[in-house]
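In the text below, chain A, chain B and the rest are named by the order of the sequence lines, each starting its count at 1. Any value given below was found using the heavy atoms of this structure, including those in side chains, with hydrogens, waters and symmetry copies removed. The structure presented is a predicted model; accordingly, all values stated were derived computationally and were not measured.
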There are 2 protein chains.
Amino acid sequence: MTRSRSRRANEAWESLLTAHASLMKRFAAEPIWGELSMREYDVLYTLSKHDEPLRLFELGRGVLLSQPALSRLVDRLAERGLLERIPDPEDGRGVRLALTEAGRERQRRVGGRHAVGVARAVTAALTDEEMAQLEAIGRKLAAQGAATPAQRNRQEAVL
Amino acid sequence: MTRSRSRRANEAWESLLTAHASLMKRFAAEPIWGELSMREYDVLYTLSKHDEPLRLFELGRGVLLSQPALSRLVDRLAERGLLERIPDPEDGRGVRLALTEAGRERQRRVGGRHAVGVARAVTAALTDEEMAQLEAIGRKLAAQGAATPAQRNRQEAVL
DNA sequence: GCGATCTTCATGCGTTTGCATCTACCTTAA
DNA sequence: TTAAGGTAGATGCAAACGCATGAAGATCGC
């Protein structure tokens, strides 16, 4: 691999990081969250995307949080009545997490307002083509990040 | 604005978020960080990019952390001898933050290893063209996020 | 079928974070 | 010049986090 290709990769990643931090701050500053932290909302949103209850470790894949921290965050949301922990009938170790009606309603309410802010920010900055590019790029990067080290080894062996 | 353009904007943002979380986990799992947390490294890296000492609030722009948390993080790094807090001669309220030689050396050491991991992940996922697109898109999004609400109002009034 | 190992989630504990607030300093204007 | 308001950073304190570890169920090999 050429040195400049590595450099471009690092510049692209830094650009993504900067955009992420910058927009996250902007979104966090909007007065739409009510009693929810963005992390809590993230959990509710992730659950709302799936029809079937999620396992804790599945939820953990999407959230940037340690397993114990996520476990306790879920605790707190359950205590507030926004989701339910149900023992998994097929795996005695596991829990299934499902939004309650209150949780679903809360996600919709906050999510609707948040989506407006996201649309405002992103459409103001990017063309339609760029939005499409970003979505495709994000998808590829996420797939790369999700690959296990073993999978990456196989992938590199092919190159 | 059309409904579908808003929807695409949200999909693009979600894609960025997923990529961010996924790759951050991967990078965090790499055994290259030594005694540094990624947030601490982020501060050292930001300082290393600038020749002149940074003010605390300038540092805060790039870091996703509250002002008090950043203040204390800087405290700890200063106690460990990785950076220096110097009272700003031009503003009695402020501090100037500069890497010590030890801090600069530590950033280089860890940063070099980290850059290798970033390059591996990003080049494996993206073409050169996509990397260029991502860098441009990130730049535009960051500029949008950094704009003050007043600036955004003016911007929207023009549309 | 049974011990060894792995996986999933919870818990103890020290550290770090965010919110609210405080102090000190700068800026503006009368 | 000085009072009013704004900005930079520090600090008290409760909440949340990460690391290490534990308990309990699943899975694999012999």
Side-chain angles (χ1 to χ4, degrees), chain A residues 21 24-25 27-31 33-44 47 53-80 82-98 148-150, chain B residues 21 24-31 33-44 46-47 53-80 82-98 148-150:
Chain A
M24 285 298 280
K25 283 199 172 188
F27 296 145
E30 291 181 341
W33 302 102
E35 312 288 303
L36 289 177
S37 71
M38 284 184 82
R39 281 173 172 171
E40 288 167 342
Y41 171 75
D42 194 10
V43 165
L44 297 187
L47 288 177
L54 280 184
R55 292 290 297 270
L56 190 61
F57 73 95
E58 297 174 306
L59 197 54
R61 294 199 211 293
V63 180
L64 206 48
L65 213 54
S66 70
Q67 176 268 314
L70 180 59
S71 181
R72 284 172 167 130
L73 173 53
V74 162
D75 265 348
R76 296 190 297 270
L77 290 173
E79 257 172 64
R80 289 162 64 183
L82 298 175
L83 57 81
E84 271 183 321
R85 316 176 76 119
I86 305 157
D88 187 331
E90 296 175 13
D91 185 339
R93 301 164 299 180
V95 257
R96 293 179 166 279
L97 305 169
T148 64
Chain B
M24 285 297 279
K25 284 199 172 189
R26 171 168 167 183
F27 295 146
E30 292 183 338
W33 301 104
E35 312 288 303
L36 289 177
S37 71
M38 282 184 85
R39 281 173 171 171
E40 289 167 340
Y41 172 75
D42 194 10
V43 165
L44 296 188
T46 303
L47 288 177
L54 279 184
R55 292 290 295 269
L56 190 62
F57 73 94
E58 297 174 306
L59 197 54
R61 292 199 213 294
V63 180
L64 206 48
L65 213 54
S66 71
Q67 176 267 314
L70 181 58
S71 181
R72 286 192 250 245
L73 173 55
V74 162
D75 264 350
R76 297 190 295 271
L77 289 173
E79 257 172 64
R80 290 162 63 184
L82 298 174
L83 57 80
E84 270 185 321
R85 317 175 76 118
I86 306 158
D88 188 331
E90 296 174 13
D91 185 339
R93 301 165 298 181
V95 261
R96 295 177 165 279
L97 305 170
T148 65

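- For a distance-only test at 3.5 Å, the side chain of A:Arg72 qualifies as a donor-acceptor partner of the base of D:dG18.
- For A:Arg39 and C:dT17, the CZ to P distance is 10 Å, given to the nearest whole Å.
- Side chain B:Arg96 to base D:dG9: no donor-acceptor pair is found below 3.5 Å.
- Atom CD in A:Glu90 sits roughly 13 Å away from atom C1' in D:dA26 (whole-Å rounding).
- For the segment residues 56-65 of chain A, the set of residues with a heavy atom within less than 4.0 Å of an atom of DNA chain D comprises A:Leu65, in numerical order.
- Atom CD of A:Glu40 and atom C1' of D:dA16 are 10 Å apart (whole Å).
- Of the candidate nucleotides C:dG18, D:dG9, C:dT17, D:dG9 has the atom nearest to the side chain of B:Ser71.
- Ionic pairing of A:Glu40 and A:Arg80 is present here: one or more N-O contacts between side-chain nitrogen and carboxylate oxygen are shorter than 4.0 angstrom.
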Could you pull out the protein-nucleic contacts involving nucleotides 20-23 of chain C (nitrogen or oxygen on both sides, under 3.5 Å)?
none

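- The listed nucleotides are C:dA10, D:dA26, D:dC17; the one nearest the side chain of A:Asp91 is D:dA26.
- Put simply, CG on A:Leu70 is 14 Å from P on C:dT11, counting in whole angstrom units.
- Atom CZ in B:Arg76 sits roughly 9 Å away from atom C1' in C:dT17 (whole-Å rounding).
- For the pair B:Ile86 CD1 and D:dG9 P, the interatomic distance rounds to 13 Å; values are reported in whole Å.
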Between protein and nucleotides 3-6 of chain D, what N or O pairs are separated by less than 3.5 Å?
from: D:dG6; atom 1: N2; to: B:Arg93; atom 2: NH1; distance (Å): 3.2

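- Following rounding to the nearest Å, B:Leu73 (CG) and D:dC17 (C1') show an atom-to-atom distance of 14 Å.
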